[in-house]
Amino acid sequence: MSLELLVASAIAVLVAAGLYLALRGRTFQLVLGLTLVSYAVNLFLFATGRLVVERPPLWAKGVTDHADPLPQALVLTAIVISFAMTALTVILSLRGFLEIGSDQVDGLAEPGEGA
Amino acid sequence: MRRLMPHPGLSALLLIVWLLLANGITAGSVGLGAVFALVLPKVTQPFWPDRPRLRIGRAWLGYIAIVLFDILVANIQVARLVLFRRNRDLRTRWLVVPVDLDTPEAITVLAGTISLTPGTVSSDLSADSRSLLVHALDVTDEAAEVARIKSRYEARLKRMFA
Amino acid sequence: MIALALPLALGCVGVAMLLTLWRLVRGPSLADRIVALDTMVVDAIALIVLIGMTSGTDSGFEAALLLAMVGFVGTVAYCKFILRGDIVE
Amino acid sequence: MALLILIGLPFAAVLLLMIARRAGRRVHMLIAGACSAAGLAVLLSQAEPSLSGRTPMIRIPWMPTAGVDISLWLDPLALLFAGLILGIGLLVIVYADGYLGKDEPTARFLSYLMLFQGAMLGIALSGNVVLMLIFWEMTSLASFLLIGFWRTRVEARRGARMALTITGGGGLALVGGLVLLAKVAGSYDLATILSRGGLVQASPLYPVILILILLGAFTKSAQIPFHAWLPRAMAAPTPVSAYLHSATMVKAGVFLLARLWPVLAGTDWWFLTVAPVGLATMIFGAGVALFRHDLKAILAYSTVSQLGLMVMLLGFGTGAAVAAALFHLLNHAAFKAALFMHAGIIEHETGTRDIRRLGRLATIMPLTATLGVLAAAAMAGVPPLGGFISKEMMLEASVRTGSLLVPALATIAATLSAAYALRYAVVLHIGRAPIGRVMGTAPHDPPARLLAPPAILATIALALGLAPMTLAGPLVEAATATATGGARLGLHLALWHGIGPALILSLSAVAAAILLLWRQEALAPLAARLPSFDARRLFDGAMTATVQGARRLSHLIHVASLQRSLAVLFLVALVLGGEAAGRFGFAAGPRATTPASPVAIMVWMLLVVATLAVVAVERHRYLALVFMGVIGLVMALAFLHLSAPDLALTQIAVEVVTILLMLLALHLLPGRPPRLSSLPRRVRDGAIAAAGGIGAGWLAWAVMTRPAREGIARFHWANSHALGGGANVVNVTLVDFRGFDTLGEISVLAIAGLTIFALLEPAAGGIAGRRLREWRSADRFSPDRHPMMFAVATRLLLPLALLVALHLFLRGHDQPGGGFVAALVVSIAILLQYLASGFDWTDARRRIGEHGLIGLGLAIALATGLGALAFGAPFLTSSVGHVHLPLIGAVELTSAMLFDLGVACVVLGSVTMALAQLAHVAQRAARPDGEDPR
Amino acid sequence: MTAADQLMIAPIVLPAITASATLLMRRRLRTARAVSLGGCVAMLAAAIGLFAMAQDGSIRGYALGAWPAPFGIVLMLDRLATTMLLLTEVLASVVLAHAAVTGADRRGWHFHALFHFQLMGLNGAFLTGDLFNLFVFFEVMLIASYGLMLHGQGASRLRAGLAYVVVNIVGSALFLIALGLLYGLTGTLNMADLAVRVAALGPAEQGLLRVAGLLLMTVFALKAAVAPLHLWLPRTYAATMPVIAALFAIMTKVGVYAMIRTVPLIFGAGAGAAAWVPGPYLLPAAILGAVLGFVGVLAARGLREQAAFAVLASTGTLLMPVSLWREATLAAALYYLVQAVLAGAALFLIVDATMRRRGSYADAIVPSPRFVGQDAAGLLYLAGGLAAVGLPPLAGFVGKVLILDVSYAVAGWPSIWTTILGTTLLGVIGFARSGSTLFWKAAPSGTAAVEGPRRSLADFVAPIVLLALLAWLTLAAGWVTAQTRAAAAQIMAPDRYVAAILGAGR
Amino acid sequence: MSPAADTVVGLLVLIGAGFVLVGSWGLVRLPSVMERLHAPTKATTLGVGALLLASMIDGRTRYGNWTAHELLVTLFLFVTAPVAANMIAKVHLHRTRTVAGGEADGIAGPPPRPDDEGDWATFAEPRRNCPGTPPDP
Ligand code: NA
Ligand code: NA
């Protein structure tokens with residue numbers, strides 16, 4: 001069992017769960033799904049710098065063995081952006097629910113509810 | 001002095017925390033820490049109205065020492081309970097601890113202390129803040145336990161919060 | 001000794017996390033799950049400390065500190081939600 | 001220059017008319033008339049050089065890269081056509097003055113008419129196919145506007161749309177044909193193209209070119225089966241019919257065939273497509289015309305027929321036939337325009353156009369009748385009118401084809417033509433039918449404004465018969481020469497050609513026509529029983545079907561479904577990824593993997609179980625959120641283990657804020673909703689999801705097992721401390737190497753904050769506000785709003801958290817931390833106050849508004865970046881300096897830290913704005929009156 | 001660095017400053033409006049200056065933070081970028097003026113700040129020479145567009161907004177995956193450097209490279225609304241305030257821009273398995289987009305929906321020549337792009353002016369009682385329809401003829417020709433039907449009259465300006481095509497780009 | 001590193017991890033919420049505390065620098081953990097009374113009342129002007 005395998009399979013599970021939830025048709029599940037996908041994407045982006053255990057990219061004289069700092073910087077930016085997007089989506093969902101009275105992504109009436 | 005440092009206790013705590021954060025005592029860290037220790041209480045003053053007066057001194061050190069010791073002992077006791085006592089043999093009880101403390105801060109410290117020592121959890125406060133509901137994992141004599149809490153912790157706290 | 005103790009300790013904490021997870025999944029009550037989540041944060045702090053000792057770096061300290069400081073916020077918010085529905089009022 | 005003036009005049013008139021649209025009718029007429037007259041004068045001034053072979057032309061470079069110029073020329077063919085357009089245009093304007101009612105908007109009418117005139121002139125004068133196409137399409141457009149002039153009438157709208165659809169569609173085919181022709185011929189210049197007939201006809205694309213161009217020509221000239229729009233276009237005011245649908249626009253197709261004759265004609269393809277269509281149209285149109293009762297319908301179908309005649313002639317492919325076609329073009333223009341005007345007068349005077357209700361007009365309206373009979377006779381091909389000559393030429397040409405069928409059919413067509421023409425002449429003026437319902441006053445000859453234009457045209461039709469060579473000879477001869485691209489034929493136009501097959505056929509046609517007319521009424525039921533080909537209904541049906549089909553298709557595809565959009569997106573990504581994997585494959589690489597410790601595996605299990613749990617309890621939202629907390633925690637641990645402490649910090653802080661955000665939102669959402677999708681749907685989604693997961697995991701695996709390439713990060717590592725002034729390479733990258741990304745990133749956060757504010761600020765109003773106020777939770781809640789222990793702990797935590805934040809901020813350049821995390825810690829500490837002590841309490845104690853913080857933060861970041869400009873360095877160039885502070889000693893300060901401060905301000909502002917606003921909304925829900933607690 | 005060099009940063013910094021400034025004066029709309037318009041004009045001036053700078057045919061780099069390429073983020077200025085900048089700024093000025101005139105900016109919070117952030121995102125996307133930075137500016141552009149899209153709110157807008165946001169979030173996730181793959185394979189983010197390194201990849205990396213390329217193109221295609229990834233567009237644009245949709249006319253074209261920018265440079269002939277990577281799929285997708293777009297124009301029941309489909313169709317049409325990846329076809333595509341943006345915007349502004357006059361009839365394609373300015377609106381609608389469909393005398397026709405011209409005899413040209421000509425007919429029918437219903441047909445008697453007639457004709461000005469620009473594009477087609485040809489020549493010579501950006505570094 | 005230090009650190013590590021494990025074990029095996037709530041306290045206090053102590057000594061002996069900032073982790077945990085426990089207990093109390101069917105009481109049964117007329121804050125509106133109540137605006 002290698003770390004690479006763990007990370008890859010974690011990405012797989014997160015993506016699969018995220019996509020499934022995103023297709024469920026309700027805003028909250030959608031937000032959860034997107035969050036899972038964004039975790040997976042962050043992990044993926046991070047992994048493209050290859051996995052290095054316990055050698056953080058903190059510069060010290062003479063040290064040459066370290067994790068790739070660039071993907072980390074990219075992931076940080078991506079985390080912030082995806083947080084912004086999540087916040088917006090959550091509030092947009094809520095706002096839509098308040099306006100329409102349904103939390104379905106397409107604003108349809110609940111099944112079994114009168115028109 | 002009072003205007004400069006409205007809350008010496010808080011300022012001292014902040015300075016200590018800063019030095020711990022800086023992980024070393026240098027002129028720089030002390031200087032900067034002092035600045036923050038002075039500024040932050042001022043800045044956060046509106047968020048903590050009616051801060052209690054504290055008597056900083058040995059009472060506090062003693063209290064900390066007692067609590068740490070109690071934690072150590074209680075940990076071992078509770079570990080034994082968890083590992084070896086059968087569930088149906090647990091003598092779990094609710095305790096109602098009457099509280100004679102006045103400030104919310106003092107009550108909070110008392111409740112926190114009770115919770116930190118394994119085996120007891122401060123679960124709720126009465127609506128009039130005069131009683132504390134404590135859940136105890138294994139007590140034989142409820143009154144004695146309440147008395148122990150009051151004498152060991154509350155009495156000291158009364159002195160620490162002037 | 002350390003060389004022996006650290007892997008063992010890591011294993012203990014790992015198992016502890018799995019046990020906590022079991023309670024989290026199992027429930028049965030909401031309070032149970034919140035207790036489990038809260039415990040998991042503490043377990044994570046322990047794990048961070050152990051990882052730091054294993055690797056000999058200090059870089060996990062901030063993470064442990066942050067977890068200790070804001071880890072309970074989630075717990076409290078979950079509780080407040082059950083108690084009051086609205087967490088800010 | 002003259003050509004530019006010529007083409008510019010009508011458009012100038014359009015502009016003037018639009019400017020002077022509120023002026024009186026006289027002014028409008030004057031503008032249009034004057035421009036047309038001036039155009040005619042300019043044209044006549046250029047006639048001599050054109051006819052004598054010194055073709056006036058002008059060429060202005062336009063799109064040199066594509067080889068397209070604005071080039072105009074006035075060869076005899078163009079001269080002939082332009083003369084027609086301007087001459088009849090002038091007469092139509094005069095006629096329209098008399099025809100249009102008092103309240104009609106003449107400015108609009110005339111501006112459309114002049115637009116049309118300009119476009120037609122453009123077709124005639126274009127020396128470049130692109131230019132010609134532009135004008136061609138403009139004629140369709142102008143025709144659309146003119147047919148739809150009486151826009152409230154349903155027939156006008158339908159007629160206009162049908163004309164636009166058919167001629168526009170044909171025009172598009174023509175676009176294809178002409179551009180293709182130009183590509184094959186190697187030039188857009190018409191003269192060049194015309195000289196490359198051999199090249200074009202040898203091309204394998206020649207049939208395609210031919211068919212596309214013919215589609216353009218046939219639709220415009222109303223050839224079967226595209227003729228239906230023309231009768232329907234009769235919904236237009238009569239001057240329009242006279243101008244567009246008899247004399248000029250419909251001739252554009254004929255003109256085009258003549259124009260492209262040198263390059264396209266002379267092949268079997270040409271003969272076998274053009275001539276039969278023309279012939280069929282000629283017979284069909286004439287046949288229908290004979291049995292119509294509406295005067296304008298008769299004229300419309302006669303026009304269809306006559307256009308067929310001209311097309312057929314051009315199809316014959318001989319010079320003589322072209323000459324016949326061009327001469328008939330003139331004749332037809334004259335008599336048909338006259339007839340339309342005549343029909344307009346009759347309708348104007350009698351209030352009806354139904355031939356069955358009209359008769360004896362000769363006695364009531366003698367002048368009108370005279371010119372009507374004259375024009376109809378020309379149409380019938382009765383000597384000594386021009387129509388006779390051209391019809392004889394036509395028959396002559398059809399005999400010359402060598403086939404027997406062609407002259408036979410041509411004669412039948414000529415018979416039918418003569419029949420309906422004579423019917424028009426006789427029944428209307430001499431027939432016994434009573435006068436139709438009279439509109440108030442007795443009908444009489446109209447004033448000169450109405451009468452003069454058709455009279456002039458009828459006179460011309462007569463003159464073309466009496467003195468053809470003087471009037472039209474040189475023009476037709478020269479135009480034929482240009483059209484055929486050959487030498488002049490030595491044309492002889494005359495009434496008397498001697499007795500030949502043509503004369504015999506012509507006379508027998510007239511005779512047969514008289515016979516036919518005699519029995520017309522008897523034949524009518526017979527004609528009605530013929531299998532009818534109702535192109536109009538066919539067209540309407542096709543249009544309805546098209547629109548319905550389009551609707552169905554569009555609605556089928558564009559369902560307002562986010563799930564569908566997402567599923568398609570996932571599928572596309574999957575299919576494309578699968579394609580690449582299938583074609584090129586990507587196996588694991590040779591890089592040595594890192595063995596996973598047992599604890600790593602356990603933490604991995606945590607993640608997997610929690611993720612599956614989220615899916616399993618998907619509809620129990622609160623529980624799902626609890627499991628999300630575990631996933632976030634595991635992510636932080638993973639980052640920490642994998643040497644990314646900054647990421648772990650950020651993950652922890654963001655996770656907390658996200659949970660708060662979701663709980664705040666969850667509060668107002670309904671508790672446990674019913675499931676939406678059916679089992680098959682869930683299976684389908686599961687399959688998509690699984691495939692996506694496997695794909696993503698596989699990609700990650702493939703990348704991680706490949707050796708890393710020496711990349712740009714080495715530079716970052718090497719220079720972070722020396723040049724960037726920090727040991728935390730990630731932080732230096734964020735605020736320095738890639739500070740520009742961070743500027744964008746905080747902009748994103750700022751915008752998110754603003755958008756959230758904009759979304760929530762009005763939420764208390766309208767229907768959302770009502771829902772908020774009516775909102776009641778189904779759960780019972782504890783009355784304890786602010787538990788004491790919690791409140792006290794958060795008060796202590798605030799200064800402590802601020803201190804930690806300062807620590808993270810100050811040393812973030814060297815150790816894990818930085819402005820972003822620091823700001824999140826502050827945000828969380830402030831949010832904790834909201835949680836513990838309530839919205840109002842906390843909000844009242846906050847000093848700086850979020851808007852101010854966001855603006856300030858952006859300003860700091862921008863100002864830091866711009867500061868470098870003062871030193872001639874690029875934006876965001878950082879500087880490292882040492883400052884000596886008393887007590888503290890040397891402190892390293894980088895401008896990047898100032899930038900980081902900006903970052904922190906924006907983060908703090910945005911995060912608190914988002915969460916406080918959200919809390920604010922819930923607050924308003926709690927207040928029965930929905931009042932704003934602020 | 002000279003002041004002229006520093007001008008390169010202006011298109012990004014100016015809107016950021018303007019946005020921050022309007023944020024601080026959010027309660028004083030008049031001042032904010034003035035500042036906003038001023039910022040727009042300044043940006044237009046900067047764009048003109050940059051356009052003039054690029055006329056010498058050189059490619060300029062701007063090393064942000066003075067970190068040399070490829071290590072830092074670099075901006076780059078070439079003909080393509082300046083063309084897009086100028087187009088954006090012209091469009092933005094007109095749209096902003098229209099919004100101010102019609103008071104659309106009063107219909108919600110932070111219109112001006114969001115507007116300028118949107119411009120910042122657009123300009124950044126056009127200028128950046130770094131792939132991750134492109135992602136960041138995409139996000140800036142998108143999130144600002146979410147804000148603008150939701151401006152004014154209302155139920156349908158909120159729902160459509162959610163769909164728009166979510167689809168784009170997923171698109172961004174794909175972008176990151178593609179980006180990560182490229183970084184994992186090459187170790188760089190600078191586009192020029194990527195070009196060099198992608199060409200040097202070994203056979204074992206080709207599969208991954210192709211996945212990266214295809215995913216990246218999927219993202220761009222999603223932003224460009226290339227069928228079948230277009231499903232979000234009609235709903236979004238139809239639900240948006242038309243004046244904002246007018247600004248959005250350029251948004252889909254950013255996706256096209258990103259393709260034009262990256263494909264010849266990174267995925268050119270030397271890119272192995274990823275050479276010309278949207279590869280065999282772009283042309284059919286473009287054709288499908290054009291067909292569905294014009295079918296939608298014909299099928300639409302509302303004017304905004306119709307205009308949205310027209311935008312969709314224009315993207316499809318535009319991508320046909322793009323998909324051929326030749327200098328001449330790109331030149332024609334760029335000409336078409338410029339006019340398509342202006343035409344789409346003009347159409348939306350015309351719809352806006354019409355809607356505002358029709359009261360409760362809004363943009364429904366049904367006859368209404370006569371309203372003030374009906375004839376003028378009808379004429380404008382006619383012109384807008386011509387522009388959108390591509391009929392003379394506006395520039396769409398020239399654009400289409402140019403596309404026919406350059407695509408001739410290139411593989412697949414008959415399908416391009418057939419689509420262009422066939423879909424144009426669909427568009428003609430569609431606009432003729434809706435226009436005659438709307439502006440010619442009278443409402444059935446007894447229908448309530450349109451309330452609250454507006455007297456001012458000021459809202460006709462902006463559409464007229466755009467239409468005039470379209471007419472000018474026809475007249476000045478020679479100059480414009482020379483520009484687009486030169487831009488295309490630069491794009492198709494990636495070596496020069498690489499040398500200009502990395503020259504000093506290697 | 002001296003053998004003594006090695007032993008001390010090793011023992012501390014084992015003690016800490018042991019208490020963490022016992023805490024979680026308690027979480028699993030104890031019969032109801034209130035009992036389980038006691039379990040994490042061990043992990044929080046002695047478990048993490050011992051580990052942090054080990055880390056401090058380890059840093060000093062192996063790398064020669066005293067690091068005391070580990071104490072901060074414990075400090076923060078000591079501030080926050082009781083609050084979390086308190087809130088969870090309140091959730092439990094609340095749900096035993098409000099949820100239909102009730103959330104099961106633990107071994108100790110329902111909590112006694114604080115006095116004759118009052119009730120716990122979870123069930124009753126807090127009285128005004130009592131300590132800890134934030135002043136109403
Ligand atoms: Na960042
Ligand atoms: Na305890």
Side-chain angles (χ1 to χ4, degrees), chain B residues 13 16-17 19-24 49-50 67-68 71-72 74-76 78-79 81-83 87-88 90-96 98-99 101-109 111-133 135-138, chain F residues 18-19 22-23 25-26 29-32 34-35 37-39 41-42 44-47 49 65-72 75 78-79 81-86 88-90 92-93 106-115 118-127 130-135:
Chain B
L13 178 67
I16 292 166
V17 169
L19 292 177
L20 287 173
L21 282 170
N23 216 7
D50 316 316
V67 171
L68 286 179
I71 287 175
L72 190 68
N75 258 303
I76 294 162
V78 174
L81 286 177
V82 168
L83 287 173
N87 280 342
R88 58 168 191 257
L90 280 176
R91 287 161 297 183
T92 305
R93 296 288 180 271
W94 287 108
L95 308 177
V96 177
V99 178
L101 297 168
D102 290 328
T103 64
E105 286 79 6
I107 299 173
T108 302
V109 173
T113 308
I114 292 169
S115 288
L116 283 174
T117 51
T120 48
V121 172
S122 304
S123 303
D124 208 354
L125 200 65
S126 65
D128 59 4
S129 302
R130 289 281 158 239
S131 310
L132 195 60
L133 180 66
H135 188 264
L137 191 57
D138 189 65
Chain F
F19 273 101
V22 169
W25 172 239
R29 66 147 281 203
L30 288 172
S32 75
M34 279 318 293
E35 286 78 38
L37 192 48
H38 291 272
T41 332
K42 280 171 299 301
T44 315
T45 52
L46 201 59
N65 52 336
W66 273 109
T67 63
H69 61 194
E70 281 86 349
L71 287 179
L72 281 176
L75 174 73
F78 276 25
V79 174
V83 179
N86 175 237
I88 296 169
K90 284 170 79 76
H92 171 71
L93 293 175
I107 299 170
R113 285 187 161 251
D115 47 53
D119 204 346
W120 302 109
T122 306
F123 308 121
E125 198 77 42
R127 297 200 198 142
C130 289
T133 327

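A quick note: this is a predicted structure, and the numbers were derived from the prediction, not measured. Chain letters run A, B, ... following the sequence lines, proteins first, then strands; residues in each count from 1. The figures that follow rest on heavy atoms only: side chains count, while hydrogens, waters and symmetry mates do not.
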Report yes or no: does B:Asp124 contribute a side-chain atom to a donor-acceptor pair with the main-chain N or O of F:Thr122 at less than 3.5 Å? yes

Could you check whether any side-chain heavy atom of B:Ser131 comes within less than 4.5 Å of a side-chain heavy atom of F:Trp120, counting everything from C-beta outward? yes

Whether the F:Asp115 and B:Ser126 side chains hold a donor-acceptor pair (N or O, under 3.5 Å, no angle test) is what I'd like checked. no

Quick one: what part of F:Leu46 sits under 4.5 Å from any heavy atom of chain B, side chain, backbone, both or neither? both

Closest approach of F:Thr41 and B:Ser115, non-hydrogen atoms and distance? CG2-O, 3.0 Å

Report the option among F:Gly47, F:Gly49, F:Pro31 that has the most heavy-atom pairs separated by less than 4.5 Å from atoms of chain B. F:Pro31

Check whether B:Leu19 gets within reach of chain F through its side chain, its backbone, both or neither, counting any heavy atom under 4.5 Å. neither

Grab the two heavy atoms, one from B:Ser123 and one from F:Met34, that are nearest each other, plus how far apart they are. OG-CE, 3.3 Å

Side-chain heavy-atom pair B:Pro118, F:Thr45 within 4.5 angstrom cut-off: yes

Are the side chains of B:Leu95 and F:Pro112 in contact, using a 4.5 Å heavy-atom criterion? no

Contact leader toward chain B among F:Ala39, F:Ala81, F:Pro114, where contacts are heavy-atom pairs under 4.5 Å: F:Pro114

Tell me if the CH2 atom of F:Trp25 is crowded by more than 12 foreign heavy atoms within 6.0 Å. no

Counting only non-hydrogen atoms closer than 4.5 Å, does B:Ala136 touch chain F with its backbone (N, CA, C, O), its side chain (CB onward), both, or neither? backbone

Quick check on F:Leu75 against chain B: is it the side chain, the backbone, both or neither that has a heavy atom closer than 4.5 Å? side chain

Among all residues two or more places apart in sequence or in another chain, which pass the side-chain hydrogen bond (donor to acceptor under 3.5 Å, both in side chains) test with B:Thr92? none

Might you work through the side-chain contact (heavy atoms from CB on, under 4.5 Å) test for F:Leu30 and B:Leu90, ending with a clear yes or no? CA-CA 10 Å; F:Leu30 288 172; B:Leu90 280 176; 3.8 Å; yes

Please report the shortest heavy-atom distance between F:Glu35 and B:Leu137, naming the atom on each side. CG-CD1, 3.9 Å

Using non-hydrogen atoms only, which part of F:Phe78 is less than 4.5 Å away from chain B: side chain, backbone, both, or neither? both

Tell me the closest heavy-atom pair linking F:Ala68 and B:Asn23, and the distance in Å. N-OD1, 3.2 Å

Below 4.5 Å, heavy-atom pairs only: which of F:Ala124, F:Gly109, F:Gly23, F:Gly18 has the largest tally toward chain B? F:Gly109

Nearest heavy atoms of B:Ala79 and F:Phe19, plus distance in Å: CB-CE2, 3.8 Å

Which value, rounded to the nearest 0.5 Å, describes the distance between B:Asn87 atom CG and F:Ile107 atom CD1? 6.0 Å

Counting only non-hydrogen atoms closer than 4.5 Å, does B:Leu132 touch chain F with its backbone (N, CA, C, O), its side chain (CB onward), both, or neither? backbone

Please state whether the side chain, the backbone, both or neither of B:Ile71 comes within less than 4.5 Å of a heavy atom of chain F. side chain

If we ignore hydrogens and angles and just use 3.5 Å, is the side chain of F:Asp119 paired with the main-chain N or O of B:Ala127 as donor and acceptor? no

Does the side chain of B:Leu116 come within less than 4.5 Å of F:Pro82's, by heavy atoms? yes

What residue in B:Thr108, B:Asn75, B:Val82 has the most heavy-atom pairs under 4.5 Å with chain F? B:Asn75

Do F:His69 and B:Leu21 make a side-chain contact, defined as non-hydrogen atoms from C-beta onward lying under 4.5 Å apart? no

